[in-house]
Amino acid sequence: MTRIITIGAAQLGPINRTDTREVVVQRLIALLRQAHSAGCDLVVFPELALTTFFPRWFVEDISETNHYYEAEMPSPVTVPLFDEAKRLGIGFCLGYAELTAQGERFNTQILVEKDGSVVAKYRKVHIPGHEHNEPDRAFQHAERYYFTPSEEGFGVWKAFGARVGMMICNDRRWPESYRVMGLQGVELILCGYNTPIHYIPDPSQDILQGFHNALVMQSGAYQNGTWVVGVAKGGLEEGVDSLGQSMIVAPSGQIVAQALTTDDELIMAHCDMDWCARYTQTLFDFDRYRRPEVYTRITAQRGVELQ
Ligand code: CDT
C-alpha cells in the first residue's frame, strides 16, 4: 500500500500592521478551502502567519507588543480556522507568536490532524538577528529580543500516516535541525519562514537569498531522505521585501513544486512517504554508515575552537 500524502504549501503575501487577525484568518481559510478542493490532506502555513513580522520594529517595553502573541491556541480569533479544517477533514500546520502564562515568548508552530486533534507544538530553536535596538539599520530583525530559544529541540510525531517533524525559518539553515529529526526516522518536515531579501550584516548575500533557501532545504531533504515543505510569507510587507519561493522538496532533493508569486498562493504535491526509504535504506543508511564516534565535537562545542 502506498503512503501518499497530498500536501498544500499555502504561501502568504504581506500582512500589514493594520490588518486585523480576523482578516488574516479569512485569508487562511480561503487557502484552506482551495487546498481541500484540490484534494490536500494537509496544508502548511508560514511562520508568524497571523500578523505582520513584528520583530522588524523595536519597542522599549516589550509588553506593548503583547497583542501580536497568542495566549492560547486555538485562540478566540483562530477558532474559525480550526472549525473549518475539522469540518473539511483537512489537517494544517500554523506558525504564530506564543505568550505563555509564565510570560515566556516563543516563535511557535502547531500541527493539527484531519480530525481536529492537535498533534504537536514546536517552538523555534535557532533564533536569528539581534537582541538590542540597532537604530542605524534600515529595519530591525530583533527576533532575539522578542523570542526565547526553545530548549525542547526537534521532535518527530506520527501523523498523517507518516513520521512528521517541524522547524521554523532560520532552523532550516542548520544541518543539525534535519539530522536530529533524521535520527528519529523523519519522513516529512514542515517549515514556515519569513526571510527578508536584504541581509543587513552582509548585503552581498541579498542576491543569493533564493539560492540559499533552496540549497539548505534540498540538501537537508536529500541527506536525511525526507520530504521538506518550506512555506514563505513573502512580498513587500511594511517596506521590507521578503522572499517567496515556497517549495516542496522530495527525499531525492528535487523540488517538485514551487511558488511563482510573492502573494497568497497555494502549491501542492502528492508526496509518497515510501520514497524516503529509497535513501534511508541505501546511501543514507545511518545505522550502517554513520560514524558518531568521530562527530563528538558537534555536541561538545558551540563555536569554532582553533587548535
Ligand atoms: N525569520 C527568520 O528566521 N528569518 C531569518 C532571516 C535571516 S537572519 C536576520 C532566516 O534565516 O531566513
Side-chain angles (χ1 to χ4, degrees), residues 9 11-15 17 44-58 65 68-70 93-98 105-110 122-150 153-154 165-178 189-221 228-247 249 258-259 262:
Q11 177 176 283
L12 289 178
I15 299 175
R17 199 156 34 168
V44 185
F45 296 110
E47 174 191 34
L48 301 178
L50 298 173
T51 67
T52 198
F53 189 77
F54 60 89
R56 72 168 61 94
W57 296 284
F58 189 88
T65 64
Y68 286 123
Y69 295 78
E70 311 301 313
C93 179
L94 176 73
Y96 62 97
E98 177 189 6
R105 296 165 193 273
F106 294 107
N107 189 336
T108 299
Q109 216 169 251
I110 197 168
Y122 165 75
R123 292 164 168 163
K124 189 171 182 178
V125 167
H126 299 98
I127 308 291
H130 49 102
E131 292 84 355
H132 306 292
N133 194 21
E134 297 187 5
D136 292 339
R137 296 171 63 111
F139 56 89
Q140 307 293 305
H141 196 107
E143 272 197 70
R144 294 176 71 84
Y145 177 66
Y146 286 112
F147 298 115
T148 301
S150 165
F154 298 96
M166 291 187 272
M167 61 185 179
I168 300 177
C169 195
N170 191 259
D171 290 325
R172 77 195 190 287
R173 302 188 192 272
W174 299 92
E176 294 86 350
S177 310
Y178 304 85
I189 297 177
L190 311 175
C191 176
Y193 61 88
N194 283 258
T195 295
I197 305 272
H198 184 34
Y199 183 58
I200 292 170
D202 176 16
S204 76
Q205 296 181 28
D206 295 3
I207 198 170
L208 300 172
Q209 287 294 355
F211 167 64
H212 289 157
N213 182 51
L215 179 72
V216 292
M217 292 197 285
Q218 289 184 262
S219 55
V228 174
V229 180
V231 189
K233 172 142 66 64
L236 191 62
E237 184 182 271
E238 298 290 350
V240 178
D241 202 9
S242 289
L243 187 72
Q245 298 186 21
S246 300
M247 61 179 69
V249 184
Q258 184 166 8
T262 51

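For ligands, and for the atoms within them, numbers begin at 1 and follow the listed sequence.
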Hey, is H126 touching ligand 1 through its side chain, its backbone, both or neither, going by heavy atoms under 4.0 Å?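 Neither part.
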How many angstroms lie between CD1 in I168 and CG in L190, if you round to the nearest 0.5 Å? 11.0 Å
I need the atoms of ligand 1 closer than 4.0 Å to a non-hydrogen atom of [X], numbered in the order shown.
X: N170; value: 3 (O), 10 (C), 11 (O)
X: E47; value: 1 (N)
X: C169; value: 1 (N), 2 (C), 3 (O), 4 (N), 5 (C), 10 (C), 12 (O)
X: N194; value: 1 (N), 2 (C), 4 (N)
X: R173; value: 10 (C), 11 (O), 12 (O)
X: K124; value: 1 (N), 2 (C), 3 (O)

Using the side-chain hydrogen bond (donor to acceptor under 3.5 Å, both in side chains) rule, pick out the option among T52, N194, T262 that qualifies with E237.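 For E237, the side-chain hydrogen bond (donor to acceptor under 3.5 Å, both in side chains) check succeeds only for T52.
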Judged by modelled atom types alone, do R56 and S242 share a side-chain donor-acceptor pair under 3.5 Å? no
Is there a side-chain contact between M217 and Y178 (heavy atoms, below 4.5 Å)? yes
Using the benzene-type ring in the case of Trp, are the ring centres of F106 and F147 under 6.0 Å apart?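 Distance test on ring centres: not under 6.0 Å, no.
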Identify the closest protein heavy atom to atom 8 (S) of ligand 1: which residue and atom is it, and at what distance?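 Protein heavy atom with the smallest distance to atom 8 (S) of ligand 1: P128 CB, 3.6 Å.
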Among all the protein's non-hydrogen atoms, which is closest to atom 6 (C) of ligand 1, and how far away is it?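 Ranked first by proximity to atom 6 (C) of ligand 1 is H141 CE1, 3.7 Å.
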Which of parallel (below 30°), tilted (30 to 60°) and perpendicular (above 60°) describes F53 and H141? tilted
Parallel, tilted or perpendicular: which describes the rings of F139 and H198, with under 30° parallel and over 60° perpendicular? perpendicular
Has ligand 1 got any nitrogen or oxygen that is less than 3.5 angstrom from a nitrogen or oxygen of T195?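 Yes, at least one N or O pair falls under 3.5 Å.
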